[in-house]
*Asks:* 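Here it is: the structure, laid out below.
Both ligands and their constituent atoms are indexed starting at 1 by order of listing. Note that these values count all heavy atoms, side chains included, but never hydrogens, waters or copies made by symmetry.
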Amino acid sequence: MDFNEWEPIYESILKDMGFSREGDEQAALLLSAMLNASNSADISELKALIEGKDVLVCGNAPVLAQELELINPDDFVIITADGATAVLVDREVIPDIIVTDLDGDVEKEIIANKAGAIMVVHGHGDNIDKLHTYVPQLNRIIGSTQAAPLENVFNFGGFSDGDRCAYLAREFGATSITLLGFDFDDENVNPIKKKKLKWARLLIERLNP
Ligand SMILES: Nc1ncnc2c1ncn2[C@@H]1O[C@H](COP(=O)(O)OP(=O)(O)OP(=O)(O)O)[C@@H](O)[C@H]1O
Ligand SMILES: Nc1nc2c(c(=O)[nH]1)N=C(CO)CN2
Ligand SMILES: [Mg+2]
């Protein structure tokens, strides 16, 4: 996504959530410096996986497990949002791509990564400690930021892990995007998560005018 198009939305999110742009920029620079030829994937691999394909995006709402019963995972290229990865791995399904800010069940994400999943690792002002802990344990990484992109840290649009999955699928030309595990009206969430879900709903609606 063109950063000029994203930037006004990003500024509104920062204001609403009380997050710091400087923190996000610092995280992007750190992530950029941690990536090298041996721990990174090339974005051409994302294009090869997604372009012209039916993509399944899995969010981590409690309904995910139930909704997975209704589909055949083999019919889709699968992108999981952070905590949703464990739900699939527990069912012996390895996603093709994991979009994560590394605050879900990262041990399950490492298992999926070792089995071949590409990791779209998102750096932001509140996960710098997670970048230090987990980036050295991962491979096939694509760097991601919600601030201005860098040479090896991309901004495909989107904010929370789930809506970033959908923006990634759109960016690389998915034929269709099927969402499972999205419940924007979930009442069993804390106030910060509620706000994140409000943005997730708005951003996903924006993808489908
Ligand atoms: N009811 C829901 N509860 C949790 N996640 C949901 C829900 N509905 C949709 N999602 C999507 O699933 C994604 C992955 O969920 P996860 O719990 O791992 O969240 P997250 O983005 O890492 O959030 P946080 O910043 O709170 O850690 C979320 O980013 C969100 O977009
Ligand atoms: N600065 C900051 N940015 C984020 C955060 C967060 O907690 N802080 N959480 C996200 C995942 O929903 C996405 N982006
Ligand atoms: Mg997360």
*Asks:* Please name the atom of D101, limited to N, O or S, that comes nearest to the Mg ion (ligand 3).
*Replies:* OD1
*Asks:* Which of the N/O/S atoms in D103 sits closest to the Mg ion (ligand 3)?
*Replies:* OD1
*Asks:* Considering only heavy atoms, does D103 approach ligand 1 within less than 4.0 Å through its side chain, its backbone, both, or neither?
*Replies:* side chain
*Asks:* In the protein, what heavy atom is nearest to atom 5 (C) of ligand 2, and what distance, to one decimal place, separates them?
*Replies:* H124 NE2, 3.3 Å
*Asks:* For atom 28 (C) of ligand 1, what's the nearest protein heavy atom and its distance?
*Replies:* G162 N, 3.8 Å
*Asks:* Do Y10 and N155 have a side chain donor and acceptor closer than 3.5 Å?
*Replies:* no
*Asks:* Please classify the D186 to ligand 1 contact at 4.0 Å (heavy-atom distances, strictly less than): side chain, backbone, both or neither.
*Replies:* side chain
*Asks:* Are any of the side-chain nitrogens in K47 or E171 under 4.0 Å away from the carboxylate oxygens of its partner?
*Replies:* no
*Asks:* Is there a donor-acceptor contact under 3.5 Å from the side chain of S32 to the main chain of A28?
*Replies:* no
*Asks:* Among all protein heavy atoms in this structure, tell me which lies nearest to atom 13 (C) of ligand 2, with the distance rounded to 0.1 Å.
*Replies:* F159 O, 3.4 Å
*Asks:* If hydrophobic clusters are built by linking Ile, Leu, Val, Met, Phe, Trp and Tyr wherever their side-chain heavy atoms come under 4.5 Å apart, do F172 and I204 end up in the same one?
*Replies:* yes
*Asks:* Report the member of K193, E187, R164 with the shortest heavy-atom distance to atom 5 (N) of ligand 1.
*Replies:* K193
*Asks:* What are the atoms of ligand 1, with element, lying closer than 4.0 Å to any heavy atom of K196?
*Replies:* 24 (P), 25 (O), 26 (O)
*Asks:* Quick check on contacts: which atoms of ligand 2 are under 4.0 angstrom from a heavy atom of D24?
*Replies:* 1 (N)
*Asks:* Closest N/O/S atom of D161 to the Mg ion (ligand 3), by atom name?
*Replies:* OD2
*Asks:* Which atoms of ligand 1 sit under 4.0 Å from any heavy atom of A81?
*Replies:* 13 (C), 14 (C)
*Asks:* Which protein heavy atom lies closest to atom 8 (N) of ligand 2, and at what distance to 0.1 Å?
*Replies:* D126 OD2, 2.7 Å
*Asks:* Take H124 and Q146 through the side-chain hydrogen bond (donor to acceptor under 3.5 Å, both in side chains) test and state the conclusion after the steps.
*Replies:* CA-CA 7 Å; H124 59 63; Q146 60 210 21; 5.5 Å; no
*Asks:* Please confirm whether C165 comes under 4.0 Å of ligand 1, counting heavy atoms of the residue only.
*Replies:* no
*Asks:* With a 3.5 Å distance limit and no angle check, can you tell me whether T85 reaches the backbone of D82 through a side-chain donor-acceptor pair?
*Replies:* yes
*Asks:* Under a 3.5 Å threshold, yes or no: a donor from one side chain and an acceptor from the other, between T175 and D54?
*Replies:* no
*Asks:* Among all the protein's non-hydrogen atoms, which is closest to atom 12 (O) of ligand 1, and how far away is it?
*Replies:* N60 N, 2.9 Å
*Asks:* For D101, which part has a heavy atom under 4.0 Å from ligand 1: side chain, backbone, both, or neither?
*Replies:* side chain
*Asks:* Side-chain contact test, heavy atoms from C-beta onward, threshold under 4.5 Å: evaluate it for I78 versus V93 and give yes or no.
*Replies:* yes
*Asks:* Show the nearest heavy-atom pair for residues A117 and I98, with the distance to one decimal.
*Replies:* CB-CD1, 3.9 Å
*Asks:* Is a donor from one side chain sitting under 3.5 angstrom from an acceptor on the other, for W199 and D16?
*Replies:* yes
*Asks:* Taking NZ, NE, NH1 and NH2 as the nitrogens, is one of them in K194 or D186 under 4.0 Å from a carboxylate oxygen of the other?
*Replies:* no
*Asks:* Considering only NZ, NE, NH1 and NH2 on the basic side and carboxylate oxygens on the acidic side, decide whether R201 and D185 come within less than 4.0 Å.
*Replies:* yes
*Asks:* I need the nearest protein heavy-atom contact for atom 10 (C) of ligand 2: residue, atom name and distance, please.
*Replies:* D101 OD2, 3.5 Å
*Asks:* Heavy-atom contacts with G83 under 4.0 Å: which atoms of ligand 1 show up? List them by number with element.
*Replies:* 18 (O)
*Asks:* Could you tell me which N, O or S atom of D82 is nearest to the Mg ion (ligand 3)?
*Replies:* OD2
*Asks:* Are D96 and I79 packed together at the side-chain level, in the sense that at least one heavy-atom pair is separated by less than 4.5 angstrom?
*Replies:* no
*Asks:* For atom 21 (O) of ligand 1, which of D161, D183, L203 has the closest heavy atom?
*Replies:* D161
*Asks:* Considering non-hydrogen atoms of the protein only, which is the closest contact for atom 3 (N) of ligand 1, and what is the distance?
*Replies:* A61 CA, 3.8 Å
*Asks:* With a 3.5 Å cut-off and no angle check, do the side chains of T100 and E109 form a donor-acceptor pair?
*Replies:* yes
*Asks:* Below 4.0 angstrom from a heavy atom of S160, which ligand 1 atoms are there? Numbered from 1 as shown, please.
*Replies:* 28 (C), 29 (O), 30 (C), 31 (O)
*Asks:* With backbone taken as N, CA, C and O and side chain as the heavy atoms from C-beta onward, which portion of D103 lies under 4.0 Å from ligand 2: side chain, backbone, both, or neither?
*Replies:* neither
*Asks:* Tell me which part of L197 gets within contact of ligand 1: side chain, backbone, both or neither, using heavy atoms under 4.0 Å.
*Replies:* side chain
*Asks:* Are R21 and E25 close enough for a salt bridge, meaning some N to O gap below 4.0 Å?
*Replies:* yes
*Asks:* Does any N or O in the side chain of N39 come within less than 3.5 Å of the main-chain N or O of L35, such that one atom is a donor and the other an acceptor?
*Replies:* no
*Asks:* Counting heavy atoms only, which of K196, Q146, K193 comes nearest to atom 7 (O) of ligand 2?
*Replies:* K196
*Asks:* Is it the side chain (CB and beyond), the backbone, both or neither of M17 that lies under 4.0 Å from ligand 2, heavy atoms counted?
*Replies:* neither
*Asks:* Suppose I only count heavy atoms of G125 and a 4.0 Å limit; which atoms of ligand 2 are within that range?
*Replies:* 1 (N)
